[in-house]
*Asks:* 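Pasting a structure here, questions to come.
Worth saying up front: this structure is predicted, and the values here are computed from it rather than measured.
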Amino acid sequence: MPILYNAWLNLPDVLLTLIHNSDVNLHKLLSATKIGQTENVRSLHLKMQKLQTYIPFVTIKYVGIEHEHHAKTAETAMHMLFREYHLAGEWYDMSVARRQRLLDKFPNCTLHRHTTHFPTLQPVGIPNPQTSGYVYVATFQWGQGTQQLIDNVIASNHHLVETKLICRRMLSAKIGSTRNIKRRGKAFVWACCFANVGYVAYFHEYPRTQEGLLHTDLRNRNKWTGVGEWFYLGQQDRSDIEGRFNRKVSEIWKRVTESVNCVDRFQINTMIDRGLVTRDELRDLIRNGHILVELGS
């Protein structure tokens, strides 16, 4: 059966305290919720673990709703209903009350509540000698105020070790390889709503081999964060990595923040008939410019 899910960051108490006591606006970390759909329960868990590989500093809580609606119709209805709170991509600014409002749209449905776990660093394995591509180093582009806050926490003697560990991971870098750097960028944008992601990519005939060598070297020097492909890199580390390669490209993967749901009358009627939206909710959405309705023929 199809699954509609909502997923959000599992923030520990120490990070909640830091955010609430800070002058820096980090509300996105508190309420950012991803609303999406997938084929079944198994693919739900796989998708959430994939999401986790792009977020190294906290785990992810998620609820999968097993329902009988058409999968894309249910997802579109929820994106439309919460369009006012849209952040980027499939991410929305959802309070606890808004998440419950979403669940209330699916009464008597089976719910799957879970929390992800941090991935380990997997061995690269035997590379394909004919596959060229890129080795990349990607980091979150935090705003100036957030960056200063993180730096202050790491340098301070007044914060718990757990808080410092989270902050250090927020500044860590993901080192991976890919044949298609644009596709990897889309994956980062899909996963992250709280910051843009900057990257430096290096072309190589044997990127998987180079990735494995970098992982081994950095791990031997105690640079591994303990999470997936994420490492602590200083300026000298970045210079050393750059010295291994000849061809370099760099860019920022930017969040997609602008969108307006466009639906036709058939979709609207289906959503209303199935109780996914009410006529009053629909009128409010149209009046406030959150959706456009195609008149059709």
Side-chain angles (χ1 to χ4, degrees), residues 5-35 45 47-63 85 87-100 112-121 137-175 188 191-198 218-219 221-234 237 255:
Y5 65 82
N6 59 111
W8 61 95
L9 303 184
N10 181 27
L11 303 178
D13 290 341
V14 291
L15 192 55
L16 289 174
T17 301
L18 177 65
I19 292 173
H20 286 307
N21 292 339
S22 169
D23 293 332
V24 178
N25 187 357
L26 289 173
H27 76 278
K28 287 183 182 178
L29 295 182
L30 296 173
S31 58
T33 302
K34 187 173 180 62
I35 301 174
H45 299 322
K47 182 170 282 192
M48 291 300 99
Q49 277 306 133
K50 177 185 177 183
L51 179 63
Q52 182 68 79
T53 64
Y54 294 97
I55 303 176
F57 51 93
V58 292
T59 54
I60 298 164
K61 285 188 174 182
Y62 61 99
V63 178
Y85 310 107
L87 295 174
E90 294 181 335
W91 290 87
Y92 295 79
D93 182 1
M94 300 283 280
S95 62
V96 174
R98 290 172 196 154
R99 290 177 195 149
Q100 186 58 51
H112 302 271
R113 299 178 184 270
H114 296 277
T115 303
T116 59
H117 55 81
F118 285 129
T120 58
L121 183 62
V137 180
T139 52
F140 295 117
Q141 304 292 294
W142 301 107
Q144 184 175 357
T146 302
Q147 180 75 43
Q148 187 63 55
L149 170 66
I150 295 171
D151 290 340
N152 290 343
V153 170
I154 294 173
S156 172
N157 295 323
H158 305 295
H159 290 280
L160 297 174
V161 172
E162 182 183 359
T163 311
K164 291 189 174 187
L165 175 63
I166 293 170
C167 287
R168 290 188 68 204
R169 286 177 174 172
M170 291 173 76
L171 299 183
S172 63
K174 190 178 194 302
I175 299 177
F188 264 101
C192 304
C193 74
F194 40 81
N196 291 327
V197 178
L218 291 167
R219 193 164 187 173
R221 293 194 283 120
N222 295 319
K223 296 287 186 174
W224 185 44
T225 63
V227 178
E229 297 177 332
W230 292 85
F231 295 85
Y232 304 121
L233 296 184
D237 298 315
R255 298 157 288 167

*Asks:* Within 45° of the six-membered ring axis of Tyr85 and under 6.0 Å from that ring's centre, is NZ or CZ of Arg98 located there?
*Replies:* yes

*Asks:* Between Tyr54 and Lys174, is there a cation-pi geometry (under 6.0 Å to ring centre, at most 45° from the normal)?
*Replies:* yes

*Asks:* How many angstroms lie between NZ in Lys61 and NE2 in His114, if you round to the nearest 0.5 Å?
*Replies:* 13.0 Å

*Asks:* What heavy-atom pair brings Cys167 and Leu18 nearest, and what distance separates the two atoms?
*Replies:* SG-CD2, 4.1 Å

*Asks:* Could you state the interatomic distance from CD (Gln100) to CG (Asn6), rounded to the nearest 0.5 Å?
*Replies:* 10.0 Å

*Asks:* How many angstroms lie between OG1 in Thr225 and CZ in Arg169, if you round to the nearest 0.5 Å?
*Replies:* 5.5 Å

*Asks:* What distance do Leu11 atom CG and Leu29 atom CG have between them, rounded to the nearest 0.5 Å?
*Replies:* 6.5 Å

*Asks:* Identify the heavy atoms of Val137 and Ala173 that sit nearest to each other, and give their distance.
*Replies:* CG1-CB, 3.8 Å

*Asks:* Does Glu229 use its side chain to pair, donor to acceptor, with the backbone of Leu121 at less than 3.5 Å?
*Replies:* no

*Asks:* Report yes if some heavy atom in the side chain of Asn10 is under 4.5 Å from a heavy atom in the side chain of Ile60; otherwise report no.
*Replies:* no

*Asks:* Heavy-atom count check: over 12 atoms from other residues, nucleotides or ligands less than 6.0 Å from Arg99 CZ?
*Replies:* yes

*Asks:* To the nearest 0.5 Å, tell me how far Leu218 CG sits from Tyr232 OH.
*Replies:* 12.5 Å

*Asks:* Closest approach of Leu26 and Leu149, non-hydrogen atoms and distance?
*Replies:* CD1-CD2, 3.9 Å

*Asks:* Check the orientation of Trp230 and Phe140. Use parallel for under 30°, tilted for 30 to 60°, and perpendicular for over 60°.
*Replies:* parallel

*Asks:* Test His45 against Thr116 for side-chain contact (heavy atoms from CB on, under 4.5 Å), laying out the working first.
*Replies:* CA-CA 8 Å; His45 299 322; Thr116 59; over 6 Å; no

*Asks:* When rounded to the nearest 0.5 angstrom, what is the spacing between CZ in Phe57 and CG in Leu9?
*Replies:* 6.0 Å

*Asks:* Does Gln52 use its side chain to pair, donor to acceptor, with the backbone of Ile55 at less than 3.5 Å?
*Replies:* yes

*Asks:* Carefully, step by step, assess Gln141 and Thr139 under the rule side-chain contact (heavy atoms from CB on, under 4.5 Å).
*Replies:* CA-CA 6 Å; Gln141 304 292 294; Thr139 52; 3.4 Å; yes

*Asks:* Which residues pass the side-chain hydrogen bond (donor to acceptor under 3.5 Å, both in side chains) test with Thr53, not counting sequence neighbours?
*Replies:* none

*Asks:* Let me see the working for Leu171 and Leu233 under side-chain contact (heavy atoms from CB on, under 4.5 Å), right down to the final yes or no.
*Replies:* CA-CA 9 Å; Leu171 299 183; Leu233 296 184; over 6 Å; no

*Asks:* Please give me the minimum heavy-atom distance between Ala7 and Tyr62, naming the atom from each residue.
*Replies:* CB-CB, 3.8 Å

*Asks:* Would you please test Tyr5 and His112 for side-chain hydrogen bond (donor to acceptor under 3.5 Å, both in side chains) and show each step?
*Replies:* CA-CA 9 Å; Tyr5 65 82; His112 302 271; over 6 Å; no

*Asks:* Would you please test Asp93 and Ser31 for side-chain hydrogen bond (donor to acceptor under 3.5 Å, both in side chains) and show each step?
*Replies:* CA-CA 5 Å; Asp93 182 1; Ser31 58; 2.4 Å; yes

*Asks:* Taking all atoms of both residues into account, what is the closest heavy-atom pair of Trp91 and Cys192, and its distance?
*Replies:* NE1-N, 4.2 Å

*Asks:* Under a 4.0 Å N-O cut-off, is there an ion pair linking Asp237 with Lys223?
*Replies:* yes

*Asks:* Ignoring hydrogens and angles, write down the donor-acceptor pairs under 3.5 Å from the side chains of residues 154-166, residues two or more places apart or on other chains.
*Replies:*
residue: Ser156; atom: OG; partner: His158; partner atom: N; Å: 2.9
residue: Lys164; atom: NZ; partner: Ser156; partner atom: O; Å: 2.3

*Asks:* May I ask you to decide if Met170's main-chain N or O and Trp142's side chain share a donor-acceptor pair within less than 3.5 Å?
*Replies:* yes

*Asks:* Give a yes or no answer on whether the side chain of Thr33 reaches the backbone of Trp8 with a donor-acceptor pair at less than 3.5 Å.
*Replies:* no

